[in-house]
Amino acid sequence: MEIKRNILLNPGPSTTTDKVKMAQVVPDICPREKEFRGLMNDLRADLVKIVHGDPEIFTSVLFCGSGTINIDVCLNSLLPEGKKILIVNNGAYSSRAAEVCSFYGLPYIDLKFNYDELPDMNMIEKALNDDPDIAIVYTTHNETGTGILNPIREIGDAAHRHNAVFIVDTTSTYAMRPINIEEDNIDFCMASAQKGLMAFTGLSFVIGRKSVIEASASYPKRSYYCNLFLQYDFFEKTGEMHFTPPVQTIYATLEALREYWAEGETAKWSRHTRVFNAIHKGLDELGFKDVIKREWQAGLVVSVIYPDDPNWDFEKIHDYCYERGYTIYPGKIASSNTFRLCALGAIDEPDIISFFDVLKEAMTHFGVSIPVKYSE
Ligand SMILES: *Cc1c(COP(=O)(O)O)cnc(C)c1O
C-alpha cells in the first residue's frame with residue numbers, strides 16, 4: 001500500500017514512518033485481554049527508560065488523550081491541601097498550566113517572564129523564599145510556542161532546595177533532546193506519542209516518582225477521569241488502564257519504540273539537530289529573522305518573524321506549500337506575527353532542502369522579495 005509522505009514542519013503531530021502507520025492495522029482485540037496487558041507493561045517500562053529513570057524509583061502512567069491531559073493530571077493530582085503551585089512562565093504552554101490551575105481553583109503563582117527571555121533564577125529563588133507554601137514548581141522544557149529552552153536543571157535544583165516537587169512539561173523534547181530525569185532534577189515529566197516518539201495522538205503519559213504518586217493518594221481528588229494516583233493504582237493492581245485505552249495508537253507506539261531503540265538516543269538527536277541546522281541555513285539564505293536568540297533555542301522549533309512585505313501572506317504561502325506536501329505552522333505569540341518550522345518527526349536534511357525549494361518558489365510566485373525585508 002502506497003501512503004503519501006507529507007513533511008510536517010508543525011510542532012506535532014509529526015511525520016511518521018510507514019511501518020508505524022501500518023502497525024495500527026491489527027486484528028481486533030479487547031484491551032482487557034492478557035496479551036494486551038503485557039504490551040502495556042513493556043510500554044510503561046520503555047517510557048521510563050527513555051529518560052534513564054531507575055525503574056525502582058520512577059514509573060510511567062498512561063492516559064488516553066492529547067498531551068494537554070498530562071498538564072491537567074499532574075497539576076490537579078499532585079497538590080496537597082493548602083499548598084501552592086509556582087509556575088515559571090515564559091510562554092504559551094506554561095500559560096496553559098496557569099489556566100488549568102485557575103479552572104480547578106488551585107492556588108498558584110504565575111511567575112511571568114518575557115516570551116523571548118530565559119526565566120530569571122533570582123526571581124524564582126525569591127518567590128520560593130517568600131512563600132513556604134509552594135509545594136510544586138512547574139515549567140515547560142522547550143516552550144513550543146517560541147522554541148526557547150528553559151534551564152530545568154537549575155529550576156529543579158531550586159525547587160528541591162525548597163522541598164517542592166518539580167514538574168516539567170517535556171512534551172516537545174521527550175525522545176528527542178536527551179533527558180536524564182534524575183540529573184535534570186525532574187520529579188515529573190510528560191509527553192505524548194505523536195511528538196518525539198513519532199507515533200499518533202491518543203496516548204499520553206506522565207513519568208515520575210512512585211513515592212510522590214503514592215503520597216498523593218491522600219491529596220484532594222479534584223478530577224475523576226484525570227487523577228494520577230487512581231490511574232497508577234489501577235495499573236499496578238490490574239495491569240490495565242482504568243478505562244478503555246487507545247488500542248491502535250498503542251500498537252503504533254510499540255513499533256515507534258522499536259524504531260527509537262534501533263535508531264538510538266544519540267543518533268536520533270543528531271538527526272533532529274541536522275534538520276534544525278538545515279532549517280536555519282534555509283532561513284538565513286532567505287534573510288529571515290528568528291524570534292529567539294540562537295543560543296537559547298532548544299534545537300527543535302524555530303520561530304520566525306514575518307517579513308515586512310505587502311506581498312507576504314502566511315495563509316497563501318502555507319497553502320502553496322501544503323499542496324506540495326509541506327506543512328508549516330503559525331506562531332503562538334500574541335504580540336507579534338510569527339510562524340514556526342519544527343525539526344520533529346521522521347524527516348532528515350534532504351526533506352528540508354526540498355522544502356526550501358518549495359518555499360522559495362512560493363515566495364517568488366506571490367512576489368515576496370528575496371532576501372526578505374524588515375523595516376527595522
Ligand atoms: C504539543 C504540546 C502539548 C500538548 O498539546 P496537545 O495539543 O494537547 O497534544 C503540551 N505541551 C507542549 C510543550 C507541547 O509542545
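Counting starts at 1 for both ligands and their atoms, following the listed order.
- With a heavy-atom cut-off of 4.0 Å, His141 does not touch ligand 1 at all.
- Below 3.5 Å of separation, one finds no N or O of Tyr93 facing any N or O of ligand 1.
- Asp290 and Arg294 are joined by a salt bridge, as a carboxylate oxygen and a charged side-chain nitrogen come within less than 4.0 angstrom of each other.
- Nearest to atom 9 (O) of ligand 1 among the protein's heavy atoms is Gly67 N, 2.9 Å.
- Heavy-atom proximity to Gln194, at under 4.0 Å, picks out these atoms of ligand 1: 9 (O).
- Between Ile71 and ligand 1, no N or O atom pair is found at a separation short of 3.5 Å.
- A cation-pi contact, defined as under 6.0 Å to the ring centre and within 45° of the axis, is absent between Lys237 and Tyr232.
- Contacts of Glu143 with ligand 1, taken as heavy-atom pairs under 4.0 Å, are absent altogether.
- Comparing Thr144, Asn10, Asn70 against atom 15 (O) of ligand 1, the shortest heavy-atom distance belongs to Thr144.
- Within ligand 1, counting atoms from 1 as listed, the ones closer than 4.0 Å to a heavy atom of Thr140 are 13 (C).
- Any N or O atom pair closer than 3.5 Å counts here, and Thr68 shares at least one such pair with ligand 1.
- Only one option out of Val48, Asp187, Ile213 pairs with Phe58 in a side-chain contact (heavy atoms from CB on, under 4.5 Å); it is Val48.
- The protein heavy-atom contact nearest to atom 11 (N) of ligand 1 is Asp169 OD2, 2.6 Å.
- Contact between Arg96 and ligand 1 is present, with at least one heavy atom of the residue lying under 4.0 Å from the ligand.
- Applying the side-chain hydrogen bond (donor to acceptor under 3.5 Å, both in side chains) rule to Tyr329 yields no partners; only residues at least two apart in sequence or on another chain are considered.
- Considering backbone and side-chain atoms alike, Lys195 places an N or O below 3.5 Å from some N or O of ligand 1.
- Neither the backbone nor the side chain of Thr201 has a heavy atom within less than 4.0 Å of ligand 1.
- Aromatic rings from Phe339 and Phe288 are positioned such that their centres are separated by under 6.0 Å.
- Look at Glu263 and Lys268 and you find no salt bridge, because none of the NZ, NE, NH1 or NH2 atoms lies under 4.0 Å from a carboxylate O.
- Salt-bridge annotation for Asp184 and Arg153: present, with a side-chain N of the basic residue lying under 4.0 Å from a carboxylate O of the acidic one.
- In summary, Glu33 and Arg37 do not engage in a salt bridge, as defined by a charged side-chain N under 4.0 Å from a carboxylate O.
- Here Arg96 does not pair with Glu99 in a salt bridge; the nearest charged N to carboxylate O distance is not below 4.0 Å.
- The N/O atoms of Ser66, backbone and side chain alike, include one that comes under 3.5 Å of an N/O atom in ligand 1.
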